[in-house]
Amino acid sequence: MKTDTGLLEPVLILAIETSCDETSVAIVKDGCEVLSNIISSQIETHRAFGGVVPEVASRKHVEVITLVIEEALSTAGIRPQELTAVAVTQGPGLVGALLVGVVAAKSLALAWGKPLIGTHHIAGHIYANRLVRELKYPNMTLVVSGGHTELVHMEREGEFRIIGRTRDDAVGEAYDKVARALGFPYPGGPHVDRLAHEAEEAFVLPRVWLEPGSYDFSFSGLKSAVLNAVNQSKMKGLTPDVAGIARGFQESVVEVLVEKAVRAVREYNAGQLLLCGGVAANRGLREALIRRCGAEGIELIIPPPVYCTDNAAMIGAAAYVKWRHEGGIPLDMVADPGFSLEKWSVTAY
């Protein structure tokens, strides 16, 4: 929309993210400038249970959602009437947690008279990269999180095609299970990453490549190999080489992820490789991708850690794409824990 001076008004989106165990609200300008990004984490609450408890997560979202919305508006210095639209994670995620965000977003959109934008959680992770740098198309994204491990090709803006996905455990899930086997609390990924860098030698573990040319992933066998190594040491009366096992596990995971991602970039003539998801904060994976992409001449984008884990700024970035092409959606939108990324692709081409 143009102002009286003929200049384009900025698109200001209030975005809400409640798909799992972070309650987050952000104000994002034109899909790339973060005016505020407030995150209320539940990690300490769920640590006592060794993982996320869905019912507890939902209740915690209810407790803080209003306060987080108010803080996001105050930090950004934005009044509701200045907003262009309200966006929310529609799915995938925990259904109870999603419902809290969806109900809050619908209420705000109705009360303020603003359009509603239902947004895909993984699209948000992918477009977190636009908060760092302008994206080029076609591109390739390596999605690595607690619930997803995928290679996603985008021929054009907002058009998603999954070319490879995990057949069992997601990589973040595998990290947490291995960490538990090694005696570390939830969330386990950072502990494994730290130990991997402290170990002098790696315990040799298998690489799971699957069929020739496949872009799919599998981590359940690798997880079982770790458990077997730990149990064999204990049966012999030995103390498991925890650091060596952590390094062996991480090297196996990282080698497969990096090799398949680079091969996909080449095969699909992608102009950029994007990394996203909670495991994108993993130091070992980031360093390996930087080295390999540097050697291969591939442009790599990695968001800072705050935009790797679940946050509302990434939802605002993805919602902007949907808004530009399709506008808002009806208020009868429902939370969808099995929401398809490919079906969320923009259609206005």
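Note that the coordinates shown come from a computational prediction; the quantities given were computed from them, not determined experimentally.
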Enquirer: Return yes if a side-chain donor-acceptor contact under 3.5 Å exists between Glu157 and His325, otherwise no.
Expert: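 Judged by distance alone, the side chains do pair up.
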
Enquirer: Would you say Lys106 has more than 12 foreign heavy atoms packed within less than 6.0 Å of its NZ?
Expert: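 Yes, the 6.0 Å shell around NZ holds more than 12 heavy atoms from other groups.
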
Enquirer: Taking the six-membered ring for Trp, are Phe160 and Trp344 parallel (under 30°), tilted (30 to 60°) or perpendicular (over 60°)?
Expert: tilted

Enquirer: Within the 4.5 Å heavy-atom criterion, are Leu285 and Val258 side-chain neighbours or not?
Expert: yes

Enquirer: Between the side chains of Glu299 and Arg133, is the shortest nitrogen-to-carboxylate-oxygen separation below 4.0 Å, so that they form an ion pair?
Expert: yes

Enquirer: Looking at Glu201, I'd like to know if its CD atom is crowded, meaning that more than 12 non-hydrogen atoms belonging to other residues, nucleotides or ligands lie closer than 6.0 Å.
Expert: no

Enquirer: Does any N or O in the side chain of Asp193 come within less than 3.5 Å of the main-chain N or O of Gly189, such that one atom is a donor and the other an acceptor?
Expert: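 Not confirmed, Asp193 side chain does not pair with Gly189 backbone.
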
Enquirer: Taking the side chain as everything from C-beta on, heavy atoms only, tell me whether Ile65 gets closer than 4.5 Å to Ile16.
Expert: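 Yes, at least one pair of side-chain atoms sits under 4.5 Å.
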
Enquirer: Which pair of heavy atoms, one from Glu22 and one from Ser41, lies closest together, and at what distance?
Expert: OE2-OG, 3.8 Å

Enquirer: Got a salt bridge between Glu259 and Arg292, using NZ or NE/NH1/NH2 to carboxylate O under 4.0 Å?
Expert: yes

Enquirer: Once rounded to the nearest 0.5 Å, what's the spacing between atom CZ of Phe184 and atom CG of Asp176?
Expert: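 One gets 13.0 Å once the value is rounded to the nearest 0.5 Å.
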
Enquirer: Taking 4.0 angstrom as the limit, do Glu155 and Arg161 come out as a salt bridge?
Expert: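 No, this pair does not count.
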
Enquirer: Between Pro115 and Thr84, which heavy-atom pair has the shortest distance, and what is it?
Expert: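 Looking at all heavy atoms of both residues, the closest pair is CD-O, 3.2 Å.
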
Enquirer: Do Leu35 and Ile13 belong to the same hydrophobic cluster, where Ile, Leu, Val, Met, Phe, Trp and Tyr are linked whenever their side-chain heavy atoms lie under 4.5 Å apart, directly or via other members?
Expert: no

Enquirer: Looking only at atom types and distance, does a side-chain atom of Ser233 sit under 3.5 Å from a main-chain N or O of Leu238, one as donor and one as acceptor?
Expert: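 Not confirmed, Ser233 side chain does not pair with Leu238 backbone.
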
Enquirer: Check this for me, if you would: do Glu63 and Arg59 make a salt bridge, where the nitrogen-to-carboxylate-oxygen distance has to be below 4.0 angstrom?
Expert: no

Enquirer: Quick one: are Pro185 and His191 in side-chain contact, heavy atoms under 4.5 Å?
Expert: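 When only atoms from C-beta onward are counted, His191 and Pro185 do touch, with a gap below 4.5 Å.
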
Enquirer: Would you kindly say whether Glu267 and Tyr215 are connected by a side-chain donor-acceptor distance under 3.5 Å?
Expert: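 Side chains of Glu267 and Tyr215: pair found under 3.5 Å.
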
Enquirer: One pair to check against ring-ring contact (aromatic ring centres under 6.0 Å, His included): Phe249 and Phe203. What are the steps and the verdict?
Expert: CA-CA 8 Å; Phe249 169 77; Phe203 186 93; over 10 Å; no

Enquirer: Tell me the closest heavy-atom pair linking Gln81 and Lys114, and the distance in Å.
Expert: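 Distance-wise, the nearest heavy atoms are O-NZ, 3.2 Å.
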
Enquirer: Please say which of Val68, Ile315, Ile38, Asn311 ends up in a side chain to side chain contact (heavy atoms under 4.5 Å, CB included) with Ser24.
Expert: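 Single side chain to side chain contact (heavy atoms under 4.5 Å, CB included) partner of Ser24 among Val68, Ile315, Ile38, Asn311: Asn311.
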
Enquirer: Val334 and Gln90: which non-hydrogen atoms are nearest, and at how many Å?
Expert: O-NE2, 3.1 Å

Enquirer: Taking Ile298 as the starting point, is it possible to reach Ile290 by hopping between hydrophobic residues whose side chains are less than 4.5 Å apart?
Expert: yes

Enquirer: Quick check: closest heavy atoms across Pro305 and Ala281, and the distance to 0.1 Å?
Expert: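 Distance-wise, the nearest heavy atoms are CB-CB, 4.4 Å.
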
Enquirer: For residues Ile43 and Val52: do they belong to one hydrophobic cluster (side chain heavy atoms under 4.5 Å, members Ile, Leu, Val, Met, Phe, Trp, Tyr)?
Expert: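 In one cluster with Ile43: Val52, no.
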
Enquirer: If you round to the nearest 0.5 Å, how far is CZ of Arg247 from OG of Ser252?
Expert: 13.5 Å

Enquirer: To the nearest 0.5 Å, tell me how far Ser58 OG sits from Leu94 CG.
Expert: 7.0 Å

Enquirer: Under a 4.0 Å N-O cut-off, is there an ion pair linking Arg283 with Glu198?
Expert: no

Enquirer: In terms of heavy-atom contacts, does NZ of Lys60 have more than 12 from other residues, nucleotides or ligands at under 6.0 Å?
Expert: no

Enquirer: What I want to check is whether the side chains of Asn129 and Gln272 have a donor and an acceptor closer together than 3.5 Å.
Expert: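 Per modelled atom types, Asn129 and Gln272 side chains form no pair under 3.5 Å.
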
Enquirer: When the ring planes of His125 and His121 are compared, do they come out parallel, tilted or perpendicular, using 30° and 60° as the limits?
Expert: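 Aromatic pair His125/His121 classed perpendicular.
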
Enquirer: Aromatic contact between Tyr186 and Phe49, with the criterion being ring centroids under 6.0 Å apart: yes or no?
Expert: no

Enquirer: If two hydrophobic side chains count as joined below 4.5 Å and joins carry through other members, does Leu73 share a cluster with Val64?
Expert: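 Per the 4.5 Å side-chain linkage, Leu73 and Val64 are co-clustered.
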
Enquirer: Checking side-chain polar atoms at under 3.5 Å, does Thr89 have a donor or acceptor matched by the opposite partner on Glu17?
Expert: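 Looking only at side-chain atoms, Glu17 and Thr89 do form a donor-acceptor pair, the distance falling under 3.5 Å.
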
Enquirer: Going from CZ on Phe217 to CD on Glu150, what distance comes out if it is rounded to the nearest 0.5 angstrom?
Expert: 9.5 Å

Enquirer: Is the closest basic N to carboxylate O distance between Arg165 and Asp216 below 4.0 Å?
Expert: no

Enquirer: Less than 3.5 Å apart, any donor N or O on the side chain of His61 or Thr23 sitting next to an acceptor on the other?
Expert: yes

Enquirer: Could you point out which residue of Leu275, Asn139, Val152 forms a side chain to side chain contact (heavy atoms under 4.5 Å, CB included) with Ile126?
Expert: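 Exactly one option meets the side chain to side chain contact (heavy atoms under 4.5 Å, CB included) with Ile126, and it is Val152.
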
Enquirer: Do side-chain atoms of Lys260 reach the backbone of Ser214 as a donor and acceptor pair under 3.5 angstrom?
Expert: yes

Enquirer: What are the two closest heavy atoms between Leu142 and Ala261, and how far apart are they?
Expert: CD2-CB, 4.3 Å

Enquirer: Shared ILVMFWY cluster between Trp209 and Val254, side chains joined below 4.5 angstrom?
Expert: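 As far as the 4.5 Å side-chain criterion goes, Val254 and Trp209 are connected within one cluster.
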
